[in-house]
Amino acid sequence: QVQLVESGGGLVQAGGSLRLSCAASRSIHSIVTMAWHRQAPGNQRELVASITYSSNTNYAESVKGRFTISRDRAKNTVTLQMNSLKPEDTAVYYCNIVGTYYNYWGQGTQVTVSS
């Protein structure tokens, strides 16, 4: 069983930056997409950003121009650089790795943006 370990969450003031990282507990093959999702209290989980095996990226409209997703194929890690954070970015952020025959999720890391 593969575990995804997220790090980098925390409390930051509006306008600040955070960098989230996600690492798999062991090597993973046949990765199709790596992504970050988030869920705020009372809301459904939503896709924040994703990156495919060929490095095509996709972002939620609300984070375009502020967040950047990247991956390290050799290390099976995915990173989310979050700049110009807003209070509405407050949520639990989840790492997600999807492959041909699997769909792994991390436990989530809390991001809180104060106004």
Side-chain angles (χ1 to χ4, degrees):
Q1 181 70 18
V2 174
Q3 291 184 331
L4 304 184
V5 179
E6 298 124 330
S7 61
L11 173 64
V12 64
Q13 289 188 334
S17 298
L18 283 174
R19 185 179 180 88
L20 303 183
S21 294
C22 173
S25 58
R26 62 173 176 81
S27 179
I28 304 176
H29 300 286
S30 303
I31 293 175
V32 176
T33 303
M34 305 176 86
W36 288 93
H37 300 251
R38 68 185 180 188
Q39 187 168 19
N43 291 352
Q44 291 186 336
R45 190 172 297 188
E46 63 173 352
L47 175 66
V48 176
S50 64
I51 184 166
T52 67
Y53 181 81
S54 54
S55 297
N56 293 320
T57 58
N58 181 52
Y59 295 93
E61 284 295 327
S62 60
V63 307
K64 281 184 179 178
R66 300 188 297 123
F67 291 10
T68 303
I69 189 170
S70 59
R71 63 180 291 176
D72 184 323
R73 292 186 185 179
K75 297 181 180 179
N76 281 336
T77 59
V78 58
T79 299
L80 185 68
Q81 178 66 43
M82 305 185 294
N83 298 329
S84 302
L85 283 161
K86 304 176 181 179
E88 51 263 44
D89 293 318
T90 295
V92 178
Y93 284 70
Y94 297 91
C95 175
N96 174 225
I97 298 180
V98 180
T100 307
Y101 303 108
Y102 55 82
N103 186 0
Y104 298 133
W105 288 88
Q107 294 297 311
T109 184
Q110 177 69 45
V111 171
T112 302
V113 184
S114 62
S115 57

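The analysis underlying the following values was restricted to heavy atoms, covering all of them including side chains, and did not include hydrogens, waters or symmetry mates.
- In this structure, Ile31 and Arg71 have side chains that are in contact, with non-hydrogen atoms separated by less than 4.5 Å.
- When all heavy atoms are compared, the tightest approach of Cys22 to Leu4 is SG-CB, 3.9 Å.
- For Tyr59 (side chain) and Gly65 (main-chain N/O), no donor-acceptor pair under 3.5 Å exists by modelled atom type.
- At distances below 3.5 Å, at least one donor-acceptor pair connects side-chain atoms of Glu6 with backbone N or O atoms of Cys95.
- Atom OG1 of residue Thr90 and atom CD of residue Gln110 lie 7.0 Å apart, to the nearest 0.5 angstrom.
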*Could you please spell out the steps behind the side-chain contact (heavy atoms from CB on, under 4.5 Å) verdict for Val2 and Ile97?*
CA-CA 10 Å; Val2 174; Ile97 298 180; over 6 Å; no

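- No side-chain donor-acceptor contact under 3.5 Å links Asp72 to the backbone of Val78.
- The CG atom of Leu20 sits 4.5 Å away from the CH2 atom of Trp36 when rounded to the nearest 0.5 Å.
- Residue Ser70 comes nearest to Ile51 through the heavy atom pair CA-CD1, 4.2 Å, listed as atom of the first residue, atom of the second, then distance.
- With hydrogens and angles disregarded, a donor-acceptor distance shorter than 3.5 Å links the side chain of Arg73 to the backbone of Tyr53.
- Atom OG1 of Thr68 is separated from atom CZ of Arg19 by 9.0 Å, given to the nearest 0.5 angstrom.
- More than 12 non-hydrogen atoms from other residues, nucleotides or ligands lie less than 6.0 angstrom from OH of Tyr102.
- Annotation for Gln39 and Asn43: closest pair NE2-O, 3.1 Å, computed over non-hydrogen atoms.
- In this structure, CG on Asn83 lies 9.0 Å from CZ on Arg66, to the nearest 0.5 angstrom.
- The two residues Ala14 and Ser115 make their nearest non-hydrogen contact at CB-CA, 4.4 Å.
- Sorted by first and then second residue, the pairs that involve residues 44-53 and meet salt bridge (charged side-chain N to carboxylate O under 4.0 Å, His left out), not counting sequence neighbours, are Arg38-Glu46.
- Scanning for salt bridge (charged side-chain N to carboxylate O under 4.0 Å, His left out) contacts around Lys64 gives Glu61, with sequence neighbours left out.
- Asn58 places none of its side-chain heavy atoms less than 4.5 Å from the side chain of Thr33.
- Other members of the cluster containing Trp105 are Val92, Tyr94, with ILVMFWY side chains joined at under 4.5 Å, either directly or via other members.
- Ala35 and Ser50 get closest at one heavy-atom pair: CB-CB, 3.8 Å.
- A 4.5 Å side-chain heavy-atom check between Leu18 and Asp89 finds every atom pair outside the cut-off.
- Summarising the local packing, CD of Gln107 is surrounded by 12 or fewer heavy atoms from other residues, nucleotides or ligands at distances under 6.0 Å.
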*Would Thr79 and Gln81 count as a side chain to side chain donor-acceptor pair (under 3.5 Å) if you check the C-alpha gap in whole Å, the side-chain angles of each, and the deciding distance to 0.1 Å?*
CA-CA 6 Å; Thr79 299; Gln81 178 66 43; over 6 Å; no

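- With a 4.5 Å cut-off on side-chain heavy atoms, Asn76 and Ser27 count as touching.
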